[in-house]
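In listed order, ligands and their atoms are each counted from 1.
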Amino acid sequence: MIQTRGLSKTFGTHQVLHEIDLDVQAGEIVVLLGPSGSGKSTLLRCLNGLEDLSAGSIEVNSIEVNSAMKLKERQQKMLQIRRQTGMVFQQFNLYPHKTALGNVTESLRMVKKLDATHARHIGERVLDRVGLLEKKDQYPSRLSGGQQQRVGIARALAMEPDIILFDEPTSALDPELVGEVLDVMKSLAQEGMTMIVVTHEMKFARQVANKVIFMDEGRIIEQSDPESFFERPVTDRAQRFLSKVMDY
Ligand SMILES: Nc1ncnc2c1ncn2[C@@H]1O[C@H](COP(=O)(O)OP(=O)(O)OP(=O)(O)O)[C@@H](O)[C@H]1O
């Protein structure tokens, strides 16, 4: 479903990802962990076609983009990949001047070119899915952070992606609002959605992930099932990371 081989990314002279080989199967929940600056967001952005790759290849649902392709072909493939993958951001990135429903239907209208009735029908269904149908006419400023992030998830769901990538979806939330967002993510996982999640929520990682991937300095240095990772991390770096994050 997702396969990267030798994926590398360089900004100027700074190599941020080093030859990443990643495999994600349909229905898998992968949690990406690692210290700040280890390349987690950059990896998600490459997988979503938001960031061009510098070397190697990415294949998502049999659409392949690789560094040997000409720029124009790469860009076309990246666009196709973006249509298969939804992305949920830490800062929600909602349009402030659009209602919850307007935010959710925007891409249906602009990208999928659906008519207003069809888009509204899908928009209401996905807002209902995240428990926010009654808030469909509210503007983001009238919604709590947790509700705004659930609109962010509904917006991703509206495009019917095969995979959703979550980049620290709860990091900007007050602690008491984190649970409602994790609950929605957990139920998507139970329904079989393929998900890659960057998060600091260790309990969620442990309970929901099928696979934990630990990154450091742009490399995958450990990957295993959550039980093994949290109980018996192999590398010193992962042990130090866990001893810090599990202390609090
Ligand atoms: N557009 C960019 N231009 C230049 N450098 C960048 C760019 N985006 C990311 N970087 C650099 O790439 C490195 C990895 O950043 P990235 O955000 O992927 O890490 P991260 O593991 O997600 O960190 P955090 O947990 O703090 O979000 C950092 O050194 C960052 O400064």
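Residue contacts with ligand 1 do not include G34, since none of its heavy atoms lies under 4.0 Å from the ligand.
Of the charged side-chain nitrogens involved, at least one lies within less than 4.0 Å of a carboxylate oxygen, so that R120 and E124 count as a salt-bridged pair. In this structure, E160 does not pair ionically with R129, as no charged nitrogen and carboxylate oxygen lie closer than 4.0 Å. Comment: R206 does not engage E201 in a salt bridge, judged by the lack of any side-chain N to carboxylate O separation of less than 4.0 angstrom. Using a cutoff of 4.0 Å between basic side-chain nitrogens and carboxylate oxygens, D225 and K211 are not scored as salt-bridged. Salt bridge status for K77 with E64: absent, with no side-chain N to carboxylate O gap under 4.0 Å.
When only non-hydrogen protein atoms are considered, atom 17 (O) of ligand 1 lies nearest to S41 CB, 3.7 Å. Looking from atom 19 (O) of ligand 1 to the surrounding protein, the closest heavy atom is G39 N, 3.3 Å. Considering only non-hydrogen protein atoms, atom 13 (C) of ligand 1 sits nearest to V16 CG1, 3.6 Å. Of the protein's heavy atoms, K40 NZ, 2.8 Å lies nearest to atom 21 (O) of ligand 1. Atom 23 (O) of ligand 1 has as its closest protein heavy atom G37 N, 2.8 Å.
Annotation for ligand 1: atoms under 4.0 Å from non-hydrogen atoms of S36 are 23 (O), 24 (P), 25 (O), 26 (O). Within ligand 1, counting atoms from 1 as listed, the ones closer than 4.0 Å to a heavy atom of P35 are 21 (O). For ligand 1, the atoms closer than 4.0 angstrom to any heavy atom of T42 are 9 (C), 15 (O), 16 (P), 18 (O). Residue-ligand proximity, H14 to ligand 1, at heavy-atom distances under 4.0 Å covers atoms 29 (O).
The N/O atoms of F11, backbone and side chain alike, include none that comes under 3.5 Å of an N/O atom in ligand 1.
No donor-acceptor contact under 3.5 angstrom links the side chains of Q25 and D23, judged on distance only.
Across all non-hydrogen atoms, the minimal contact from S38 to D216 is CB-CA, 3.8 Å.
Under a cutoff of 6.0 Å and an axis angle of 45°, K244 and F241 do not form a cation-pi pair.
Within a 4.0 Å radius of atom 26 (O) of ligand 1, the protein contributes one or more non-hydrogen atoms. Within a 4.0 Å radius of atom 30 (C) of ligand 1, the protein has no heavy atom.
Cluster annotation: L50 and V88 are assigned to distinct hydrophobic clusters (Ile/Leu/Val/Met/Phe/Trp/Tyr, side-chain heavy-atom contacts under 4.5 Å, transitive).
Contact annotation: for M215 versus ligand 1, there are no heavy atoms closer than 4.0 Å.
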